[in-house]
Structures are given as C-alpha cells and as structure tokens.
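Take a look at the structure below.
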Amino acid sequence: MELTGNWNFPTSICFGAGRIRELPDACRSLGMQRPLLVTDPALAKLPMVRDSVRRCVEAGLGCEVYSDLQANPIEENVTRGVEAFRKGKHDGVIAFGGGSALDTGKAIALMVGQTRPLFDFEDREDRYTRVDVGGMAPVVAVPTTAGTGSEVGRASVITDPRDNIKKIIFHPRMLPTTVIEDPELTLGLPPHVTAATGMDALSHCIEAFCSPLYHPLAEGVAVEAMRLVKEWLPVAVANGRNLEARSHMLIASSMGATAFQKGLGAMHSLSHPCGAYFNTHHGLTNAVVMPYVLVWNRSAIEEKMLRLAAFLGLGNHSFAAVLDWVLELRRRIGIQHTLAELGVRTEHAASLAPQALTDPSTSTNPLPMTERDFERLYRNCISGKL
Ligand SMILES: [Fe+2]
C-alpha cells in the first residue's frame with residue numbers, strides 16, 4: 001500500500017514521503033510571500049531546514065529562519081520570534097520541528113497581531129475570545145518528530161517565567177491551516193527520541209480514550225492510533241530507517257493530538273510541572289508516569305480497558321493485559337521506570353502537586369483529583385510503587 005494521501009481532517013494534511021518538496025506551494029496557497037521558518041537551533045543546522053529554505057527562496061519566497069528557542073519553550077522565545085517576524089516584514093510562519101518548535105511557531109503566528117500579552121490567552125474560561133483573529137498570521141506546520149501532534153493542535157504549551165508554570169495558549173484558529181507530514185524527515189531521529197515522542201502520542205491516545213467526556217469520534221481515532229503505536233513504535237525504535245514504521249508513527253502522532261480534543265488526564269498533569277521545573281522531556285515524562293496513572297484510575301477505566309485490550313488483540317481482555325502491554329512496551333524501547341531516574345526526588349512531590357492540580361488536563365482525568373492525591377501519585381512515580 002502506498003502510504004500517501006491528501007486529507008482534510010482535522011485540517012489540510014499532505015501526507016507521504018518526499019512531500020516536503022511541496023512546502024513553497026503550501027506557503028503560497030496561504031498568501032505568503034515572506035514566510036518566517038521557526039525551528040530549534042539544532043534543526044536549523046541540518047540539511048532538511050537548509051534545503052527547505054533554499055526551496056522557498058528558489059520559488060521566489062523571502063524565507064528566513066528564526067531558531068532562538070529552547071526545549072520546553074518560554075515566553076521570551078515567542079516574544080523574540082514576534083520581533084523577528086515584524087523586523088523581517090514576514091507574512092506567515094512555517095513551524096518546522098518537534099513540539100517545541102511547532103508550539104513556538106504557532107504562538108508567534110498568534111501574537112504578531114495582538115496588543116495583549118501572551119498569557120492573556122491562556123486556556124481558561126473563554127479567554128481565547130480576547131484574540132484579535134484578524135491579527136493572526138497563517139501557519140504551515142512541518143513535524144519532524146512523531147509524538148507531540150502539535151501540527152494538528154489548537155494550542156501551544158509555553159512556560160510563564162513569572163511562576164515557572166507551563167501554560168496552554170489556545171485559540172481554535174491556532175490549528176495550522178496546512179500540514180506537511182513527510183516521514184522522511186523523521187528517519188534520522190535517534191532511538192531514545194523516537195521512543196519518548198512515540199510514547200507522548202500513546203499518552204495522548206490513552207488519556208483521550210479514558211477522558212470521561214462524551215466524544216465517540218475522538219475515541220475512534222484514539223484506539224486506531226494506539227494500534228499503530230503498538231505495531232510500529234518498537235519497529236521505529238529498533239530500525240529508525242524503516243519508512244513504513246516512520247509513516248505509521250507520524251500519522252499516529254497526529255491522530256493522538258486530534259483525539260485529545262476530548263481531554264487529557266493526570267499523565268499530562270504530572271508531566272507538565274516536571275518539565276517546567278526540571279526540564280524533563282515531555283514525552284519521556286509521560287511515558288514514565290503512564291502505568292502509575294493507569295493503576296490510579298483503574299476503578300474508573302476498567303471497562304474501557306477491556307474494550308481496548310480486545311481491539312489491540314492482547315492475550316486476555318483485561319485491565320491487567322493493557323497494563324502489562326504498557327510496561328513491556330516501555331521496557332522494550334528503553335523508557336525509565338521511575339521519575340527518580342529523571343531527577344525528581346520524593347521531597348519535590350509536595351511542591352509539584354499544587355501545580356499538577358491546577359493543570360488544565362486535570363479536569364478530564366477519569367477520577368477527580370485532590371492535591372493530596374497528586375502528591376501520593378508523584379510519590380508512587382518517584383519510588384516505583386505501582
Ligand atoms: Fe503530550
């Protein structure tokens with residue numbers, strides 16, 4: 001089967017090996033003459049970015065690169081990007097990279113025409129209505145990892161330096177208008193990044209599937225993406241040059257982010273404060289906490305886990321079968337078992353718990369959570385107590 005397609009759900013997606021060649025056309029069809037390509041400093045040095053810029057320039061576009069951003073991006077990364085956008089008289093953004101670059105690019109495109117500060121648009125109540133939609137720049141998103149799914153997401157996660165909290169900046173129109181998903185761009189990802197980002201995709205699927213909100217459409221997307229992760233993540237980690245595995249993981253990543261319009265849960269609530277305080281990798285942190293959260297939520301998700309086990313073809317259709325599969329998958333692809341191995345210690349549990357509680361993901365955890373619950377859950381994740 002040829003793994004290629006042009007899809008319009010949840011946005012316009014050009015999927016398939018080699019499709020990056022269509023980047024100049026994608027920019028032009030959104031009216032861009034001078035796109036600002038936003039990426040991270042490591043990617044900026046790689047041929048895939050240089051080639052993309054060259055293609056745009058050869059097509060007559062005034063393309064420049066902005067790469068002053070870090071993993072777990074902070075407000076300043078966005079602010080400086082907005083300055084670069086205005087200084088270069090750009091008219092659109094190519095968000096190119098992993099989650100940090102995609103989120104920063106989307107936030108820059110949001111902010112270039114606003115008068116309010118970034119965190120006025122945090123995803124709380126209906127603050128997104130404050131956005132001057134006419135001031136938003138168009139975005140072409142090009143993911144180079146398979147996990148975040150930010151290319152089909154309507155939000156960016158940016159750390160607020162005032163309280164060191166990761167905040168979700170949301171507007172429905174932050175969904176990139178066009179996405180180019182070229183699995184060849186992910187062939188060079190090292191195994192540990194493949195594993196961690198792939199587990200982020202799985203965490204999106206499993207948390208969305210377990211969210212108590214009614215959204216069968218999202219659940220359908222989530223379970224098929226979990227099947228793809230089950231079949232192909234170990235293959236992609238073992239052999240990064242396997243284009244078929246890379247293709248399936250890339251679309252599974254987009255499916256995970258599509259599904260989590262239904263909500264996330266305590267995996268992300270626990271993970272965000274760790275990322276903000278200890279700069280832990282987002283996907284890796286989710287992967288570490290995943291089994292502990294499943295066990296914690298067991299009473300509320302047992303029936304769903306039976307259905308999932310059946311769909312995934314696990315030996316017996318039970319909660320235990322799903323848990324064992326997650327533990328075995330983690331072990332096989334080299335994910336650590338405890339948060340202690342990522343540098344989080346027991347004495348941090350009490351200070352992280354209040355932030356986990358107020359994380360937007362908490363509201364759709366299958367079980368209601370208290371600060372004390374989060375402290376206990378952190379302790380489990382740190383000590384390895386399942
Ligand atoms: Fe995530």
Side-chain angles (χ1 to χ4, degrees), residues 1-32 35 37-39 43 48-49 52 55-56 92-99 101-103 105-106 109 136-156 171-187 189 197-198 200-202 204-205 208 215 217-229 232-233 236 243-262:
M1 191 193 339
E2 199 180 348
L3 303 178
T4 185
N6 295 314
W7 305 318
N8 287 294
F9 172 74
T11 187
S12 177
I13 300 176
C14 312
F15 189 92
R19 301 291 299 267
I20 191 61
R21 285 191 285 274
E22 297 172 36
L23 180 62
D25 288 343
C27 291
R28 207 169 268 162
S29 70
L30 296 181
M32 296 183 200
L37 190 151
V38 177
T39 192
L43 271 175
M48 71 170 90
V49 166
S52 295
R55 270 195 200 100
C56 287
V93 167
I94 301 168
F96 195 118
L102 295 177
D103 279 9
K106 286 159 62 183
M136 295 173 73
V139 176
V140 175
V142 184
T144 61
T145 64
T148 164
S150 180
E151 67 277 1
V152 294
R154 304 171 301 165
S156 293
H171 191 279
R173 295 227 186 157
M174 286 175 76
L175 178 69
T177 314
T178 303
V179 182
I180 295 179
E181 297 197 19
D182 184 341
E184 286 184 351
L185 302 183
T186 69
L187 290 176
L189 285 174
T197 50
D200 190 24
L202 178 60
H204 297 153
C205 296
H215 200 329
L217 189 153
E219 288 192 20
V221 171
V223 291
E224 173 61 5
M226 283 191 270
R227 191 189 66 77
L228 290 172
V229 170
W232 295 104
L233 179 57
L243 189 61
E244 187 178 7
R246 292 297 195 183
S247 298
H248 291 308
M249 282 308 302
L250 189 55
I251 189 56
S253 162
S254 294
M255 291 166 76
T258 303
F260 81 60
Q261 290 197 20
K262 182 171 179 268

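When a residue number appears, it is its place in the shown sequence, counting from 1.
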Closest non-hydrogen atom pair between [X] and [Y], with its separation:
X: Ala17; Y: Leu243; value: CB-CD2, 3.8 Å
X: Ala225; Y: Gly256; value: CB-N, 4.5 Å
X: Thr178; Y: Thr11; value: N-OG1, 4.5 Å
X: Val139; Y: Ala109; value: CG2-CB, 3.3 Å
X: Thr145; Y: Leu250; value: O-CD1, 3.8 Å
X: Ala236; Y: Ala245; value: N-CB, 3.8 Å

Just so I know, are the side chains of [X] and [Y] near enough to count as touching, which here means a heavy-atom distance under 4.5 Å?
X: Val140; Y: Val179; value: no
X: Thr144; Y: Glu184; value: no
X: Met249; Y: Leu233; value: yes
X: Val221; Y: Phe260; value: no
X: Ile20; Y: Met48; value: no
X: Cys205; Y: Val229; value: no
X: Arg246; Y: Leu185; value: no
X: His248; Y: Leu3; value: yes

Taking only Lys NZ, Arg NE, NH1 and NH2, and the carboxylate oxygens of Asp or Glu, determine whether Lys262 and Glu219 approach each other closer than 4.0 Å.
yes
Rounded distance (nearest 0.5 Å) linking atom [atom1] of [X] with atom [atom2] of [Y]:
X: Arg19; Y: Cys14; atom1: CZ; atom2: SG; result: 5.0 Å
X: Ile94; Y: Ser52; atom1: CD1; atom2: OG; result: 7.5 Å
X: Asn8; Y: Asn6; atom1: CG; atom2: CG; result: 8.0 Å
X: His204; Y: Ser254; atom1: NE2; atom2: OG; result: 11.5 Å
X: Ile251; Y: Thr258; atom1: CD1; atom2: OG1; result: 7.0 Å
X: Leu102; Y: Ser156; atom1: CG; atom2: OG; result: 8.5 Å

Do [X] side-chain atoms and [Y] backbone N/O form a donor-acceptor pair below 3.5 Å?
X: Ser253; Y: Gly147; result: yes
X: Lys106; Y: Ala155; result: yes
X: Thr148; Y: Gly98; result: no

Stepwise, does the side chain to side chain contact (heavy atoms under 4.5 Å, CB included) test hold for Phe96 with Val49?
CA-CA 8 Å; Phe96 195 118; Val49 166; 3.8 Å; yes
Assess whether atom CZ of Arg173 is packed by more than 12 heavy atoms of other residues, nucleotides or ligands within 6.0 Å.
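Not buried by this count: 12 neighbours or fewer within 6.0 Å.
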Under the side chain to side chain contact (heavy atoms under 4.5 Å, CB included) rule, what do Val142 and Leu23 come out as? Steps first, then yes or no, please.
CA-CA 9 Å; Val142 184; Leu23 180 62; 4.2 Å; yes
State which residues pass side-chain contact (heavy atoms from CB on, under 4.5 Å) with Arg154; sequence neighbours excluded, sorted by chain then number.
Phe170, Leu175, Gln261
Would you please test Arg28 and Met32 for side chain to side chain contact (heavy atoms under 4.5 Å, CB included) and show each step?
CA-CA 5 Å; Arg28 207 169 268 162; Met32 296 183 200; over 6 Å; no
